[in-house]
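Read the structure below first, then the notes.
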Amino acid sequence: GGAALARHLRKLPRDRVLLPQRELWAKLLPFAAWVWVANLLTNLFDSSGRWMLLNWTPHATEEIQDALAGNYHVAQLIPALMVTLACMLGGTLLPYLARDWESGRRERVSDKMNLAMKLMALAVVGGSMVVLAIKPLLFQVAFRGKFDQGEAILNLALAGCAWSALLAFIQTYLWCAERARSGCFSLAIGLAVNVLLHWLWVPRYGIHGSMLATAIASLAVLGVLFVLCVRAGMRLDRGTVGASLLPGLLLFGLWPAAAGLALCLIVLATRREWLFTPSERVVLAEAWSGLMKKFRRP
């Protein structure tokens, strides 16, 4: 990385405006601090649910706690990859969004974010259904049937991680708008909802209640982020909101989710503007055409 940077550093144009060091750090440090607080709240969100599951379960012996921790962890192994992928893609998209934002093209930032959110929602739901389809292979063959409870709550873990992936993705808009503090506010609300639902559901429903509480809390954070992004200037269309609710189908299992997704696709085939706008369909068609040209033989 350093070698590549050294080669291209000389080609960069000189700064047209010199930014004083005091002005630079006065702007950078508070933003970085709020990003660190967001990371802290995210980690607390993840660990608080696990802590309450282990310590709020009635009559939980050390052996029961070990079993709960193992099943809880295994159920989130693959779903957590979706969150990692969303963070990576969001970081990749951020420079393009920032360029449009600083150039005054705020409408393009909204358009790109809406399209990216819809595609991400469809991707995580589709990927989750594939994981549910191969669930017996994972838990009965790879894990040798040792994590039955983890297998039972896999659909809940997938739904929660799908919403976590979407909220990690849309948080990029707040970073463009330099509203990192607002993102911390949404995470704090989600943390409170997570703790409250665990307090209510874990004694009654055990590990199922814990995983469902985490999923609902993730959805709550996503909803608050939508409101904050709109207040920051984002034009949120109904297709984005509808696509963001699709992970809820996973709460009911593989076949209900497949039936619900098929019904949604049938409706979208007849109501073509419910999900993608005409301009988005043009962008997708051009991207598909360009992709096919790369693989087409001369």
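Excluded from the calculations below are hydrogen atoms, water molecules and symmetry mates; all remaining heavy atoms, backbone and side chain alike, are included.
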Any side-chain heavy atom of Ile153 sitting closer than 4.5 Å to one from Leu212? no
Can you check whether Asp46 reaches Thr214 side chain to side chain, under 4.5 Å on heavy atoms? no
Is there a continuous path of hydrophobic side-chain contacts, each under 4.5 Å between heavy atoms, that joins Val125 to Leu245? yes
From CA spacing to verdict: side chain to side chain contact (heavy atoms under 4.5 Å, CB included), Leu132, Leu250: CA-CA 9 Å; Leu132 287 176; Leu250 300 169; 4.2 Å; yes
Between Arg235 and Arg106, is the side chain to side chain contact (heavy atoms under 4.5 Å, CB included) condition met? List the steps. CA-CA 9 Å; Arg235 296 184 307 175; Arg106 306 291 169 84; over 6 Å; no
Treating Asn43 as the side-chain partner and Asn39 as the backbone partner, does any N or O pair qualify as donor plus acceptor under 3.5 Å? yes
Same apolar cluster: Met113 and Val282, side chain cutoff 4.5 Å: no
Are the side chain of Thr57 and the backbone N or O of Leu53 linked by a donor-acceptor pair below 3.5 Å? yes
So do the side chains of Arg108 and Tyr96 get within less than 4.5 Å of each other, counting heavy atoms only? no
Hey, what do you get for CG (Leu138) to CG (Leu154), rounding to the nearest 0.5 Å? 7.5 Å
Is there side-chain contact between Pro256 and Leu249, with at least one heavy-atom pair below 4.5 Å? no
When the aromatic ring centroids of Trp36 and Phe31 are compared, is their separation below 6.0 Å? no
More than 12 heavy atoms of other groups within 6.0 Å of Arg105 CZ: yes
Side chains of Val193 and Leu196: does their closest heavy-atom pair fall under 4.5 Å? no
Point-to-point distance, once rounded to the nearest 0.5 Å, from CG of Leu156 to NE2 of His208: 6.5 Å
For residues Asp111 and Glu280, report the shortest heavy-atom separation together with the two atoms involved. O-OE2, 4.2 Å
Linked, directly or transitively: Val83 and Leu222 (ILVMFWY side chains, under 4.5 Å): no
Calculate, to the nearest 0.5 Å, the distance between atoms SG and CG belonging to Cys184 and Leu40 respectively. 9.0 Å
Do Val74 and Trp51 belong to the same hydrophobic cluster, where Ile, Leu, Val, Met, Phe, Trp and Tyr are linked whenever their side-chain heavy atoms lie under 4.5 Å apart, directly or via other members? yes
With a 6.0 Å cut-off (strictly less than), is the heavy-atom count around CZ of Arg50, excluding the residue itself, greater than 12? yes
Is the shortest heavy-atom distance from the side chain of Val131 to the side chain of Lys135 under 4.5 Å? no
What's the shortest heavy-atom distance between Ser110 and Gly233, and which atoms? OG-O, 3.9 Å
Please test Gln149 against Leu68 for side chain to side chain contact (heavy atoms under 4.5 Å, CB included), starting from the C-alpha separation and ending with a verdict. CA-CA 8 Å; Gln149 287 182 307; Leu68 289 174; 4.1 Å; yes
If we ignore hydrogens and angles and just use 3.5 Å, is the side chain of His198 paired with the main-chain N or O of Ser210 as donor and acceptor? yes
Is there a path of hydrophobic side-chain contacts, each under 4.5 Å between heavy atoms, that joins Trp255 and Leu261? yes
Rounded to the nearest 0.5 Å, what separates atom CG in Leu228 from atom CD in Gln171? 10.0 Å
Heavy atoms only: give me the nearest Pro79-Ala157 pair and the separation to one decimal. CB-O, 3.8 Å
Of all heavy-atom pairs between Leu166 and Ala121, which one has the smallest distance, and what is that distance? CD2-N, 3.7 Å
Working for ring-ring contact (aromatic ring centres under 6.0 Å, His included), residues Tyr173 and Trp101: CA-CA 10 Å; Tyr173 186 89; Trp101 185 277; 5.5 Å; yes
Stepwise, does the side chain to side chain contact (heavy atoms under 4.5 Å, CB included) test hold for Met82 with Ser128? CA-CA 9 Å; Met82 295 190 301; Ser128 298; 3.5 Å; yes
Would you say that Cys87 contacts Phe169 through its side chain, given a criterion of any heavy-atom pair below 4.5 Å between the two side chains? no
Please check if the side chain of Trp56 supplies one atom and the backbone of Trp199 the other of a donor-acceptor pair under 3.5 Å. yes
Nearest-0.5 Å distance that lies between atom CG in Asp66 and atom CG in Asn71: 11.0 Å
With a 4.5 Å heavy-atom cut-off, do Cys229 and Leu174 have their side chains touching? yes
Could you measure the distance from the NZ atom of Lys112 to the OG1 atom of Thr172? Nearest 0.5 Å is fine. 13.0 Å
Leu187 versus Ala38, closest heavy-atom pair with distance: CD1-O, 3.5 Å
Short side-chain to backbone donor-acceptor contact, Asp100 and Val109, under 3.5 Å: no
Can you find a side-chain donor-acceptor pair between Asp237 and Thr240 that sits under 3.5 Å? yes
For Phe143, look at atom CZ and say whether over 12 heavy atoms of other residues, nucleotides or ligands are found less than 6.0 Å away. yes
Between Leu225 and Gly183, what is the shortest heavy-atom contact and its length? CD2-CA, 4.3 Å
Listed partners of Ser279 passing side-chain hydrogen bond (donor to acceptor under 3.5 Å, both in side chains), at least two apart: Thr277
Any donor-acceptor pair under 3.5 Å linking the side-chain atoms of Trp25 with those of Gln21? yes
Any chance CH2 of Trp175 has more than 12 other-residue heavy atoms, nucleotides or ligands included, within less than 6.0 Å? no
Would a distance-only check, ignoring hydrogens and angles, find a side-chain to backbone donor-acceptor pair under 3.5 Å from Asn155 to Leu251? yes
